Amino acid sequence: MIRMPTPFTPERMQHLKWALMGLTISWTLAALLACSSPPTNGQPKLYEQLGGPSGIEVVVDRTLDRMTSDPRTKRSFKGIKMPYLKKSVAAYVCQIADGPCNYEGETMAHAHAQSDITASEYDLMVSALREELDRAGVSEGAKNELLRRLAPTRRDIVKAP
Ligand code: HEM
């Protein structure tokens, strides 16, 4: 009887096993790398530069306290539940700063639709925020980046001259 040479010698099987194991490990590593966060070139994300979610809460808290006590801006906050509003604004800021926060409130246009907010009220909020970011020790770069990201809200929020 003629015996055909088999390609599956024990030695070849061993090689095949190692090759498969190597492939499995590389695929797993590639999948893990693909799922991890995108590279930030070693730069901390904006929300981290703002002090993280808790640092942002402090800045928003102080900014809104100023808005509710300043005679030039307080009228809009009559009857508003401030602890809830503070949490919501902090989540919004944290989210647009790439933070791990989930803002579930209204769009800016919708949230401010009934308030007839003037350009000068809006500008006072931005300067209060700017001062509170300085007070919290946030860098110029991070502060300006946050204000740049907030700038498009102006056209949705300001409804009165
Ligand atoms: C950078 C500017 C501003 C941002 C990012 C901002 C952000 C927000 C957010 C996230 C909410 C919550 C919406 C929700 O939970 O559904 C909100 C609500 C509110 N904002 Fe602003 N806001 C800004 C400017 C202003 C200004 C200038 C005023 C008034 C002077 C103001 C007055 C209010 C009031 C009264 C509410 C509550 C509305 C309600 O519940 O009926 N906001 N804002």
Side-chain angles (χ1 to χ4, degrees), residues 22-161:
L23 269 178
T24 313
I25 292 170
S26 337
W27 281 334
T28 313
L29 279 177
L32 280 175
L33 279 174
C35 292
S36 62
S37 38
T40 50
N41 302 326
Q43 263 270 64
K45 288 184 172 175
L46 182 58
Y47 84 96
E48 291 167 321
Q49 297 179 57
L50 299 174
S54 59
I56 293 172
E57 272 186 28
V58 170
V59 167
V60 167
D61 205 85
R62 290 173 174 168
T63 304
L64 287 178
D65 280 347
R66 290 171 64 153
M67 296 298 284
T68 54
S69 53
D70 187 328
R72 295 168 298 174
T73 50
K74 65 182 187 187
R75 68 171 185 98
S76 307
F77 300 92
K78 274 193 199 121
I80 299 292
K81 292 191 176 81
M82 289 313 291
Y84 172 82
L85 181 60
K86 285 174 172 180
K87 288 246 171 297
S88 190
V89 177
Y92 179 82
V93 170
C94 172
Q95 186 169 285
I96 65 162
D98 306 325
C101 310
N102 199 17
Y103 172 67
E104 291 175 330
E106 303 279 357
T107 61
M108 289 304 95
H110 204 268
H112 300 88
Q114 310 301 319
S115 310
D116 272 342
I117 292 169
T118 66
S120 77
E121 285 171 323
Y122 183 93
D123 293 342
L124 283 164
M125 170 118 163
V126 172
S127 45
L129 179 60
R130 186 187 286 280
E131 284 173 21
E132 289 307 333
L133 288 163
D134 283 341
R135 184 178 168 197
V138 169
S139 72
E140 276 300 289
K143 180 180 65 181
N144 288 335
E145 177 56 19
L146 176 66
L147 295 176
R148 191 185 68 75
R149 293 187 191 189
L150 284 173
T153 65
R154 196 176 204 276
R155 62 168 175 264
D156 290 330
I157 293 175
V158 173
K159 286 281 148 8

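Keep in mind the model is a prediction, meaning the values are calculated, not measured. Nothing fancy with the numbering, it's 1 onward along the sequence. We count ligands from 1, going down the list as the structure has it; atoms in each ligand are counted the same way.
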Q. Leu46 and Ile96: side-chain contact (heavy atoms from CB on, under 4.5 Å), yes or no, with the steps?
A. CA-CA 9 Å; Leu46 182 58; Ile96 65 162; over 6 Å; no
**Q.** Pairs flagged by disulfide bond (SG atoms under 2.5 Å apart) wherever residues 66-161 is involved - sequence neighbours left out
**A.** Cys94-Cys101
Quick one: side chains of residues 51-68, donor-acceptor pairs under 3.5 Å with protein atoms, not counting sequence neighbours, listed by atom name and distance.
from, atom 1, to, atom 2, distance (Å)
Thr63, OG1, Val59, O, 2.7
Asp65, OD1, Lys86, NZ, 2.7
Arg66, NH1, Glu131, OE1, 3.4
Arg66, NH1, Glu132, OE2, 2.9
Arg66, NH2, Glu131, OE1, 2.5
Thr68, OG1, Leu64, O, 3.1
Thr68, OG1, Asp65, O, 3.1

(Q) Out of the candidates Arg75, Lys159, Lys74, only one should pair with Glu121 under the salt bridge (Lys or Arg N to Asp or Glu O under 4.0 Å) rule; please name it. (A) Arg75
Q) Taking any residue with a non-hydrogen atom under 4.0 angstrom from an atom of ligand 1, which ones do you get? A) Met67, Ser76, Phe77, Ile80, Tyr84, Leu85, Ser88, Val89, Tyr92, Tyr103, Gly105, Glu106, Met108, Ala111, His112, Ile117, Glu121, Tyr122, Met125, Leu150, Thr153, Ile157
Q | By salt bridge (charged side-chain N to carboxylate O under 4.0 Å, His left out) - contacts of Glu104 (at least two apart) | A | none
**Q.** Asp134 side, atom CG; Leu129 side, atom CG - distance, nearest 0.5 Å
**A.** 10.0 Å
